[in-house]
Amino acid sequence: TPTTSTPTFFQDSNGEYIYGFCQGSDGSKLYEAVQGAVDKAKAEGADYIVLLAHLGIEDEVTPYKSTDVIKNTTGIDAVLDGHSHSIVEMEKVRNKEGHDVLLSQTGTKLAAIGKLTIDSAGNMRTELITDYEKKDVEVTKAIAAEYEVFEDKLNEVISTADFDLRINTEDGKTRLVRNNETNLGDFVADAYKYVTDAEIAISCGGSVRHNIDAGDITYSDILNVNPFSNYMLKRKISGNELLDVLEYSVHAAPSEFGGFLQVSGLTFDVDLSVPTPVLTDLEGTFIGFEGEQRRVSNVKVNGEPLLPDRIYEVGGVSYTLKDGGDGYAMFTGEEVDIGRYIEDVDAIVEYLRSKDGKVPEEYEDREGQERINFIEPVTR
């Protein structure tokens, strides 16, 4: 969590972590904390223990997956999970003593509402509700009132597109932007490069959150793509440091990784047959490499071979270039003033407007512009 949110928010002025979540190399501290809470609830008379979690079931969060917690604890009856945006109506996972624990997760963006039922005999079941008509009257009024304040701005048409700009596979099940290049990823990175006037630019795939469908593109559409209000900046980085950045970007591939970079002004090859040499600390922050082999090769900056000793200017958002987001600890070079304050969403708006009201055809291929070439292809 510290690494995938904003690490500096968990640190003191010296960069030392002062807040945490029972991290450790093997998950045991978290399991012990959860078990302690379960035992306390039982002692206070709880008949059922339901764990509300934001852990997910993706391999990249091992050993902190909700399934890891279930397998290493006892006394939990059900886990209602989040984070990985998985659709899990009802699964049974064995706990430490071999007893079944219900696991459920509702997907994403209120596409489903989860329901847990305990019947009179004490049996539990979970289900996902996707079809419903009833809505709370007062809440609906409150939402409408808030929306009315911003309606004109949100519905403002910024541009149009003759094709979809995507972050996922055609079936919508895989967030491709987190392990491969996509046309929307290219577009966002290009917007960052344009606004910062940098030689190259990067955007974490996990920060590109939503597709843009063909047709009119509104301010609301763009806000859904970049909803975090990170501000744009530019800083200096050596060619060698840039190599570290790219190697770290692909270290989790082919698994999803929020820090997988979409790039502008860069092309490079990735060989997934090479085991990742990347080393991270317990928080998931990059600390170095082991061995000599690298996954990344043939790096070119605006068509020219990368020069290890040359200093480049890279554009991006504060989350990545300043606050260590997703574990990027390499950005220590001089920050370059871009002359103004502008947030990520407005960078995309500005770039769209520079294109005379229409997304150029060069972004039509949903798999991008071959900026990132996988020698061992990622399954699409």
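Atom set for the values below is all heavy atoms of this structure, side chains included, hydrogens, waters and symmetry mates excluded.
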Taking the six-membered ring for Trp, are the ring centroids of Phe257 and Tyr248 within less than 6.0 Å of each other? yes
Which atom of Tyr48 lies closest to which atom of Gly122, heavy atoms considered: OH-CA, 3.2 Å
So, are Glu313 and Lys234 salt-bridged, with charged N and O less than 4.0 Å apart? yes
Phe228 and Tyr231 aromatic centres sub-6.0 Å: no
Min side-chain heavy-atom separation Asp186-Glu181 under 4.5 Å: yes
Check the surroundings of atom CZ in Phe150: do more than 12 heavy atoms from other residues, nucleotides or ligands lie under 6.0 Å from it? no
Gap between atom OG1 of Thr106 and atom NE2 of His85 - 0.5 Å precision: 9.0 Å
Residues Ile200 and Gly265: closest non-hydrogen pair is CG2-O, 3.5 Å
Exceeds 12 heavy-atom contacts within 6.0 angstrom, atom CZ of Arg94: no
Quick check on the hydrophobic clustering: are Phe187 and Ile202 connected, directly or via other members, by side-chain heavy-atom contacts under 4.5 Å? no
Verify, without hydrogens or angle tests, whether Asp271 (side chain) and Ser273 (backbone) share a donor-acceptor contact under 3.5 angstrom. yes
Should we count OH of Tyr341 as having more than 12 external heavy atoms under 6.0 Å? yes
Do Val208 and Ser203 have side chains that approach each other closer than 4.5 Å (heavy atoms only, starting at C-beta)? yes
Do Tyr312 side-chain atoms and Leu307 backbone N/O form a donor-acceptor pair below 3.5 Å? yes
More than 12 heavy atoms of other groups within 6.0 Å of Ile342 CD1: yes
Above 12 or not: heavy atoms from other molecules or residues under 6.0 Å from CD of Gln293? no
Atom CG of Leu233 and atom NZ of Lys322: how far apart are they, to the nearest 0.5 Å? 7.0 Å
Are His83 and Glu58 packed together at the side-chain level, in the sense that at least one heavy-atom pair is separated by less than 4.5 angstrom? yes
Can you find a pair of side-chain heavy atoms, one from Leu102 and one from Asp77, that are under 4.5 Å apart? no
With under 30° as parallel and over 60° as perpendicular, where do the rings of Tyr351 and Tyr363 fit, or are they tilted in between? perpendicular
CD1 (Ile287) and CG (Asp281) are apart, to the nearest 0.5 Å, by 5.5 Å
Looking at residues at least two apart in the chain, or sitting in another chain, which of them share a side chain to side chain contact (heavy atoms under 4.5 Å, CB included) with Ser220? Leu154, Thr218, Asn224
Let me confirm one number: the CD-OG1 distance from Gln369 to Thr182, rounded to the nearest 0.5 Å. 10.5 Å
Common cluster, Phe374/Val274, ILVMFWY with side-chain heavy-atom separation under 4.5 Å: no
Working note: Val317 + Met232, criterion side-chain contact (heavy atoms from CB on, under 4.5 Å); need CA distance, chi angles, decisive distance, verdict. CA-CA 5 Å; Val317 295; Met232 305 304 305; 3.7 Å; yes
Are the side chain of Arg235 and the backbone N or O of Gly333 linked by a donor-acceptor pair below 3.5 Å? yes
Asn155, Asp152, Asp346 screened by side chain to side chain donor-acceptor pair (under 3.5 Å) with Tyr219, the one that passes: Asp346
Quick one: do Lys65 and Asp81 make a salt bridge, cutoff under 4.0 Å? no
Which ILVMFWY residues are connected to Val93, directly or by a chain of links, through side-chain heavy atoms under 4.5 Å apart? Leu30, Tyr31, Val34, Val38, Ile49, Leu51, Leu55, Ile57, Tyr64, Val69, Ile70, Ile76, Val79, Val88, Val101, Leu103
Glu350/Lys193 ion pair, N-O < 4.0 Å: no
Relative to Phe268, does Arg371 satisfy both conditions: NZ or CZ under 6.0 angstrom from the six-membered ring centre, and within 45 degrees of the ring's axis? no
To check you understand the geometry: which heavy-atom pair defines the closest contact between Ser84 and Gly56, and what is its length? OG-CA, 3.4 Å
Is it true that a side-chain atom of Asp100 and a backbone atom of Lys92 form a donor plus acceptor pair closer than 3.5 Å? no
Does the distance from a Lys or Arg side-chain N to an Asp or Glu carboxylate O, for Arg125 and Glu127, drop under 4.0 Å? yes
Give the minimum heavy-atom separation between Asp323 and Pro7, together with the two atoms involved. O-CD, 3.1 Å
Would you mind writing out the side-chain donor-acceptor pairs for residues 128-136 within the sub-3.5 Å range, not counting sequence neighbours?
unit_1: Asp136; atom_1: OD1; unit_2: Glu138; atom_2: N; d: 3.1
unit_1: Asp136; atom_1: OD1; unit_2: Val139; atom_2: N; d: 2.8

Quick one: does Ser104's side chain have a donor or acceptor within less than 3.5 Å of a partner on Glu89's backbone? yes
Restricting to non-hydrogen atoms, name the atom on Gly315 and the atom on Ala198 that form the minimum distance, rounded to 0.1 Å. N-CB, 3.4 Å
For the residue pair Gln35 and Asn72, establish whether any side-chain heavy-atom pair is separated by less than 4.5 Å. no
Side chains of Asn226 and Ile348, heavy atoms from C-beta outward: is any pair under 4.5 Å? yes
Should Val195 and Leu184 be regarded as members of a common hydrophobic cluster, given that ILVMFWY residues are connected when their side-chain heavy atoms come within less than 4.5 Å of each other, either directly or indirectly? yes
What do you reckon, is CG of Asp26 surrounded by more than 12 foreign heavy atoms closer than 6.0 Å? yes
Can you sort out the partners of Tyr328 under side-chain hydrogen bond (donor to acceptor under 3.5 Å, both in side chains), two or more places apart, ordered by chain and number? none
Does atom CD of Glu156 have more than 12 heavy-atom neighbours from other groups under 6.0 Å away? yes
Are the side chains of Leu243 and Leu306 in touch, meaning some heavy atoms are under 4.5 Å apart? yes
Would Ile167 end up clustered with Ile222 when hydrophobic side chains under 4.5 Å apart are linked, directly or stepwise? yes
Among Val296, Asn240, Ile237, find the one that has a side-chain contact (heavy atoms from CB on, under 4.5 Å) with Val245. Ile237
Checking Glu241 against Thr332 for the side-chain contact (heavy atoms from CB on, under 4.5 Å) test, could you report, in this order, the C-alpha distance in whole Å, the side-chain angles of both residues, the deciding distance, and whether it holds? CA-CA 10 Å; Glu241 290 167 330; Thr332 57; 4.1 Å; yes
Could you give the side-chain donor-acceptor pairs of residues 18-25 under 3.5 Å, partners two or more places apart or in another chain?
unit_1: Gln23; atom_1: OE1; unit_2: Phe21; atom_2: N; d: 2.6
unit_1: Gln23; atom_1: NE2; unit_2: Glu283; atom_2: OE1; d: 2.8

Minimum side-chain heavy-atom gap Leu242-Leu266 below 4.5 Å: yes
Heavy-atom count around Lys300 NZ within 6.0 Å, excluding the residue itself: above 12? no
So which pairs with a foot in residues 157-168 pass side chain to side chain donor-acceptor pair (under 3.5 Å), sequence neighbours left out? Asp162-Lys358, Arg166-Asp213
Would Val263 and Val314 show up in the same hydrophobic cluster when neighbours are defined by side-chain heavy atoms closer than 4.5 Å? yes
Evaluate salt bridge (charged side-chain N to carboxylate O under 4.0 Å, His left out) for Asp269 paired with Arg295, printing each intermediate quantity in order. CA-CA 8 Å; Asp269 296 339; Arg295 287 181 155 192; over 6 Å; no
For Thr74 and Asn95, work out which heavy atoms get closest and say how close. CA-ND2, 3.9 Å
